[in-house]
Amino acid sequence: MAKYTQEVKELLTLIGGKENIAAVSHCMTRMRFVLTDEKKAKTKEIEQIKCVKGTFTQAGQYQVIIGNDVSTFYNEFTAYAGIEGVSKEAAKQAAKTNQNWIQKLMSNLGEIFAPIIPALICGGLVLGFRNIIDAIQFFDGGTKTLVEISQFWAGIDSFLWLIGEAVFWLLPVGIVWSITKKMGTTQILGIILGLTLVSSQLLNGYDVATTAAADIPKWDFGFAQVNMIGYQGQVISAMLAGFVLVYLEKFFRKICPAVVSMIVVPFCSLVPAVFIAHMVVGPIGWTIGNAIGDVVYAGLTSNFKFIFAGIFGLLYAPVVMTGLHHMTNAIDSQLIASMQNTSTPGTILWPMIALSNIAQGSSVLAMSVLQKKNERAQQINIPACISCYLSVTEPALFGVNLKYGFPLVCGMIGSALAAMISVGFGVRAISIGVGGLPGILSIYPEYYVIFLIAMLVAIVVPFVLTMIVGRIKLSKADLYGDDAREGQESLPETREEISQQKEENGYTAAESGKTGYTAGESMKIGETADGTALEDFHELCAGLTGKVIPLDDVPDDVFSQHVMGDGVAIEPENDTVVAPADATVGVVMADTGHAVGLVFANEMELLIHVGVDTVDMNGDGFTLLVGEGDQVKKGQPLIRFDKAKIQAAGHPSVTVFIVTEEGNAKNLEYLTGMTAEAGKTPVIRFE
């Protein structure tokens, strides 16, 4: 007999009917709908359904919170509605139909660049350091660099280029690999295609703009010639090549018999992809680059250069993200050559580039201030800001500003204003030099004051704008991550503060039957909150080793607002979840392995959920060690997970332990603020 017949009927009607459901899936606690028209969903009425604990919308998905029994509800719902459920990834992709084209573009770019960000940050810091020692003339009266006066530092500079070359010159390799990884095709083929784009047989991409057309080497096929050009640092060409490979492989995998697929599919996918990359999509990228170069040169030498400066300053950062910014070297060379016979030969372009670097770095600086309590975000923000201020912007652009969107736009606005000041007052650089804050060393001394004013604008405007917009747009999870609760500078320390806070939040002892939870180290090991002896209580031990924090600190509204129930969370230091006491496995997420439900002898039920939104990982990085109905002992492993993979996927690894049903337990207490040892340290006590 169906358990949720009436509730299923009500939900289907209130959500807008079958025709309003584009896709539906579920995770450990929630039904996840992609709706054709979200306005048709009657949220207030849905939340009144008996088994529904709440609703919210996130990333294009309308989520209805059911609880531990969601799998049963899901099966009954899909059967009654006559619709077929989809995988979490399919629902996630369907949710993108509710996004506009800009949101879709940002989302896809973010997913492609997310695995590459650690390398970009490392490479950015390395190149920033090299800029200081080999490009800034600090010594001998401002005529020599550290590299020029020291053989040791010259050797360091040369050696570190190994990393700089690998990260930025060979960036197409990482991009094509990431695309194949994201699209689920053969990653080694992506790596090989990327390597063909940066082969040493080709003219280096950074040298193409300054090489005469007659001197560019060519492949001669008799009936046609193709330029042998490398695509070092290119983004657009690499992405186009990557998608060509992906769709070729998917096509041949679909039509090729399995018995010969190992031979036919790789060959028929890779070889045409390489030809297309070098003969079609690569030249398209260069055509775009040349067009940009011609427009910039014409604009900067026209009577409208003041206005054009604003446009260039606004758009330079997006140009950097395409990899076409190296074309500015050719424009700079033209400007320097055309001004050789003037009193101050040089370039008016380079100062604007330096100012754009500063502006984007200032947006990241504001994000760092906004996210000062989000330790995970700071691991990217701080190094990205440093490298950006030292002229290497890719870590800031791809790691922070593009991810959130508005910091990029705020930086572009500041860059545009600063560029107008610089060009309006005729600021010139002696030559192409170091970007970012050290860029002032390339400026003629008579323009120092004006350039400093432009720098101040490039710092202040993006910072202020990002702070203002960030306070409006950033969620609690963005601001605080795993490390702090919104609106609180510290956790409550006394029992009175705890009781007062729970009453303010609507969780009084009379309503919930709970005496509260402890924070900091206010709970003594030998007694409970009301002084009752420990022997009168039962306990659940920590399922992980790590810092125990209140649910309020978890960057997920369903958990932090206690929608599913009360409990604790642990910031894991190990990689295996263990049973906190003897229990029966009530429910598992078999396809994703990221969550499990336990039932204890006193009929209390506990939900264990590893990470936040880790259902989107589709089981990658998780190993489920038990099955539904298994009997487990205290300390027995339940789930093994890869913390690095969770963080690389952009998810917090904080793990929640929520009492979803109290059963016969009374006076539950939740112990937080200490570092627990898996299977040994009590974190939940009850009568």
Side-chain angles (χ1 to χ4, degrees), residues 124 127-128 130-132 135-136 168 206 209-210 233 235 289 292-301 305-306 308-336 338-339 346-364 385 387-398 401 408 411-444 447-448 450-459 461-462:
L127 291 193
R130 290 183 74 247
N131 282 341
I132 293 174
I136 302 178
F168 293 103
Y206 287 97
T210 55
V235 174
I292 291 174
D294 293 340
V295 170
V296 172
Y297 182 75
L300 290 176
T301 55
K305 61 183 180 182
F306 177 80
F308 187 83
I311 298 173
F312 180 87
L314 183 72
L315 299 179
Y316 182 72
V319 169
V320 171
M321 290 191 295
T322 68
L324 299 174
H325 58 295
H326 69 272
M327 295 301 300
T328 60
N329 291 335
I331 303 168
D332 266 320
S333 299
Q334 288 179 301
L335 288 171
I336 292 171
S338 66
M339 296 181 181
T347 171
I348 59 176
L349 179 63
W350 186 257
M352 291 193 294
I353 293 173
L355 292 169
S356 178
N357 299 156
I358 295 169
Q360 292 298 322
S362 299
S363 291
V364 180
C385 181
S387 68
C388 198
Y389 275 150
L390 294 177
S391 85
V392 183
T393 56
E394 283 86 351
L397 291 173
F398 292 117
N401 294 352
L408 175 65
M412 291 165 62
I413 293 171
S415 172
L417 295 175
M420 293 173 73
I421 293 172
S422 178
V423 172
F425 287 91
V427 174
R428 294 187 186 182
I430 300 170
S431 64
I432 299 171
V434 181
L437 293 175
I440 193 171
L441 299 175
S442 300
I443 305 299
Y444 278 102
Y447 296 113
Y448 275 176
I450 295 299
F451 191 72
L452 282 171
I453 294 173
M455 288 177 67
L456 187 63
V457 170
I459 293 172
V461 172

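In this structure, Cys385 and Gly361 approach most closely via the heavy-atom pair SG-O, 3.6 Å. What you find for Ile132 and Leu390 is that their closest heavy atoms are CD1-CD2, 3.9 Å. Of all heavy-atom pairs spanning Pro351 and Arg428, the tightest one is CG-C, 4.2 Å.
Considering only heavy atoms from C-beta on, Met352 stays 4.5 Å or farther from Tyr316 through its side chain. Side-chain contact between Val364 and Cys388: absent, with no pair of heavy atoms (C-beta onward) separated by less than 4.5 Å.
Evaluation of the side-chain hydrogen bond (donor to acceptor under 3.5 Å, both in side chains) rule for Thr393 yields no partner, not counting sequence neighbours. Taking the side-chain contact (heavy atoms from CB on, under 4.5 Å) definition, one finds that Leu314 meets it with Met412, Ala416, sequence neighbours left out. Every side-chain contact (heavy atoms from CB on, under 4.5 Å) that Leu452 has, sequence neighbours left out, goes to Ile440, Met455.
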Discussion item. Applying side-chain contact (heavy atoms from CB on, under 4.5 Å) to Ser415 and Phe312, what does each step give before you reach the verdict?
Written reply: CA-CA 9 Å; Ser415 172; Phe312 180 87; over 6 Å; no
Item to complete: Check the pair Leu355, Phe451 against side-chain contact (heavy atoms from CB on, under 4.5 Å), reporting the backbone distance first and the verdict last.
Response: CA-CA 9 Å; Leu355 292 169; Phe451 191 72; 3.8 Å; yes
Discussion item. For a side-chain contact (heavy atoms from CB on, under 4.5 Å) check, start with the C-alpha distance between Ser363 and Asn401, then their side-chain angles and the critical distance, and finish with the verdict.
Written reply: CA-CA 7 Å; Ser363 291; Asn401 294 352; 4.0 Å; yes
Discussion item. Using the rule given for side-chain contact (heavy atoms from CB on, under 4.5 Å), can you reason through Ile358 versus Tyr389, listing the C-alpha separation, both sets of side-chain angles and the distance that settles it, and then say yes or no?
Written reply: CA-CA 6 Å; Ile358 295 169; Tyr389 275 150; 4.0 Å; yes
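Taking CD1 of Ile453 as the reference point, atom OH of Tyr447 lies at 14.0 Å (rounded to 0.5 Å). Within the model, atoms OG of Ser362 and CG of Leu437 stand 7.5 Å from one another, a figure rounded to the nearest 0.5 Å.
Counting heavy-atom neighbours within 6.0 Å of Tyr448 OH, excluding the residue itself, gives a total above 12.
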